[in-house]
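What follows is a set of notes on a single structure, which appears directly below.
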Amino acid sequence: MLAHILRRILSVAFTFIVVSIIIFLMMHSVPGGPFDANDMPVSEAVRARMMAQWGLDQPLHVQYLNYMWGVLHLDFGVPFQSPGETVVQLISRAWVPSLILGGSGVLIGAPLGILLGMAAALNRNSWIDYVASTVATLGLTIPVFVTSMLLILIFAVWLNWLPASGWPQPNRWILPIACYAAIPLATYARYTRSAVLDTLNRPFVTVLRAKGLSERRIIFQHVMRNSAIPLVTVFLPMFIGTATGSIFVEAMFRVPGLGAYFVSSIEVRDYTLQMALMLLITFMYCLAYLLSDIAYALLNPRIRVGGAE
Amino acid sequence: MNAFVRLAGIMVTATALSAPVLAQTTVVAPSGNTAGTYMDYMKTVYDRGTGSELLQIPIATFNKEFELTPMAAESWTQSEDGLTWTFKLRSGLVWSDGEPLTAEDFVFALQHAATSGYDFAWYWDFAGGIKGWKEVTESTADVSTLGLKAVDDLTIEVTTVAPKPYLPSVTSLWYPVPKHKVDELGDDWSLDVSTIVSSGPFEIESWEKSNNSVVLTKSDTYTGPWSPLIDRLELDPTLNAPEVGLPAFLAGDADYSFLNTGQVPVATQRYPDGIRKNAVFATSYISYDLDAEPFNDVNVRRAFYYAVDRDELTSTVLKDIAIPAGSILPPGYPGYNPDIAAEAVFDPEKAKQFLADAGFPNGEGFPDVEIWYREEGGYNGAIIPAMAQYLQAEFKEVLGITLNIRSLPGPEWMDGLRGKKNNIFIAPYEYDYLDPSNFYGIFYNGGRHGYFIPEFDEIVAKADSDSDWDTRYQLYADAEQLMIDQGLIVPLVHPVTIAVVSDQLTGDGVSPNSLGFTQLDRLGHYFFTHITKQ
């Protein structure tokens, strides 16, 4: 297991380097630069001075090596769009709201989804199953900006119970968290339902029933554990996807989070921030899959991490 | 009894102390979206911190009737040869940290802008015409050679390369920079709320950089004209999108909101007295690479000019958000000439004839072309994509040609326009100062289109430097006639923004001007100092 983890860490480093080269090349191959004119031309001398100031006048490979040398020392540079702070400071600042809202959304939505999915599986083809399937389908198909709008309309405009948007008062968190929770809730409801049904149909459940175990014990001790693997596969990547912010949810609810920076860093050719965000996401996904692998082994002793089942 | 008196005294004191807090009025308003790097308009315009212009006092600005009003300057005079302007500043102006605001701060602002990569530097060349500006920004001359001088603490002298009769209106974008702060902290002075100092009607209380929203407060030290009638102002760019702004307005979180076309009927029905139209003074037009086929033929360009039904465009797909444009100048803008604008008619037969004269009868043999437009938010984001599709259908129907559409990020689009990387564009332009030279200047001497029409340049140069308004008016009309005859552009529409305003918001700022327009966001100094909240 330890050797496997070490191998995975090495593969993370390799992935990291490959991704960084691809992103760096893609970033610089997009036409336009960070100091190109928006509306009227800037003088070439001015542009050249700005490029030199940020080290963008050097050959690409030198720029890349300089950047990666900094990354090795956890120095991701200074974002062009916020020169008063480092990239690390910017991300630490802007990630907080995204983490609070997106993280809470997953942490609330996932258990609710599991409950809903279990209820559906254990009451297959009943009204509970139909309601759960409808909720899950709606949650997955309605875009978040529509969900956001509906929540604002109902709870802020019609009922006047909550503020429509804004930050940082906690009563302003409720609607975006509800919005974020819809996706994990729907996803988990569907995954749990099919995983539980799948497990219920397996021969060992029949054996357990034949042994006379109570239905509750069968479900919670055996079925749930065996159904957990697909859920584990989904959880961490979903958590990362949501907790790094959504441009739509953050825009609709006026949350000063990280989501908008994913778009703005590309729009304004903020190379340092673009690289950092992409590397952050890469790192987190690598970490998520590594942790998922470990969790598999803990959940099912028959799975040997790095070996055959 | 004594206890009662004491209690009453305490209550009166407490009430008196808490009164200013209770009476505080806060206005929450949408704001234009910029990246929010520096809180200094003279460092960056396109990436400035929200409200940076409200923090400083310009030399002059416009009121809601678009009349130039002295602000930091109390008067100005032009020398006999027309080349030198002298601005006299008001006495008693100070920075919010108590330092006196002097002519040196204004001169320093432009000297610094010319040498520090200011993204609006072009303005002071083509609009300001300041002597030596081009050379200094191109690093071929020393900053000391600029035609700027602080004669004494209250006197600024500006020398221009040619007479600029409209220079005072150009100074509406001339804000001071605190030299004492730059000496101490460099450009970083405008990065942090704790080091930002202001000279204008507002001071900064907080700045959320993630979405570039700010909270400003009424300045205690400001002695210039137009002191705010409100205590606090929250400016939030995330409210600028009507899809976010209107729900927040309806929930009572914002004091006004801009509206998209779908929202206008609903808001009008619910708040009939709260609807306001804002003059943007902007024009969307078709621009070409004049050297590239097929638009190197004037007949093709003229065919496009007559193939657009602007009335249909603005009464259907752009209902309520744009009016037809017959001229590069919007109605109400100085120099607007209705006779010139009236030439831009929809005449399909004429359009077909011009196209046939170019060798493409009924569009036969005309190559497929791709029109490039710039991705953006705000009013242009609402107008341009829909307009591009309309033009696509219109040109197919009237001229029988295929027009493909491509949207590009701002810098890429600009690079395409300037670098002639495509042959046809939809180009939007919004005024920077109120003088016709502003709009004609974008075509002057290469401007932002990268082509040179010597005859046009000659007329515009004459018009720009003549001190007689009637002569200038005629010369600009001649310049525009030349643009029409040569088919340089196809004026399409002038955007109009519509907003809904809370009935709690009152004052001159929210009442329409004589043309029926309000200025909810463009004339910030006027608007935000002329509103009250009940």
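Note that the structure is a prediction, hence the values are computed from the model and not measured. Chain naming here is simple, since letters A, B, ... match the order of the sequence lines and numbering starts at 1 in each.
At a 4.5 Å heavy-atom cutoff, the contact between Tyr38(B) and chain A is made by side-chain atoms alone. In this structure, chain B has no heavy atom under 4.5 Å from any part of Phe253(A). Of the two parts of Ala251(A), only the backbone, made up of N, CA, C and O, holds a non-hydrogen atom closer than 4.5 Å to a non-hydrogen atom of chain B. Ala114(B) touches chain A through its backbone: at least one of N, CA, C or O sits under 4.5 Å from a heavy atom, while the side chain does not. Interface residue Ser116(B): only backbone heavy atoms are found under 4.5 Å from chain A. If you measure heavy-atom distances from Glu138(B) to chain A, the contacts under 4.5 Å come from both the backbone and the side chain. At a 4.5 Å heavy-atom cutoff, Ser264(A) makes no contact with chain B through either its backbone or its side chain. Heavy-atom distances place no part of Leu417(B) under 4.5 Å from chain A, backbone and side chain included.
Around the CD atom of Gln169(A), the shell of radius 6.0 Å holds more than 12 heavy atoms that belong to other residues, nucleotides or ligands.
Heavy-atom pairs under 4.5 Å with chain B peak, among Ala156(A), Pro83(A), Pro163(A), Pro97(A), at Pro83(A). Highest contact tally toward chain A, considering only Ser139(B), Pro409(B), Ala254(B), is held by Ser139(B) [criterion: heavy-atom pairs under 4.5 Å]. Considering only heavy-atom pairs separated by less than 4.5 Å from chain A, the leading option among Leu250(B), Asp188(B), Asp236(B) is Asp236(B).
For the pair Val88(A)/Leu74(A), no side-chain contact is recorded, criterion being any heavy-atom separation below 4.5 Å from C-beta on. Put simply, the side chain of Lys420(B) does not reach to within 4.5 Å of the side chain of His449(B), judged on heavy atoms.
Ion pairing between Arg269(A) and Glu412(B) holds under the 4.0 Å rule for side-chain N and carboxylate O. By the 4.0 Å N-to-carboxylate-O rule, Asp415(B) lies close enough to Lys421(B) to be salt-bridged with it. Salt bridge absent: Arg406(B) and Glu375(B) never bring a charged side-chain N and a carboxylate O closer than 4.0 Å.
Using the six-membered ring where Trp is involved, Trp161(A) and Phe155(A) have ring planes that are tilted, between 30° and 60° apart.
Residues Tyr118(B) and His112(B) keep their aromatic ring centres 6.0 Å or farther apart.
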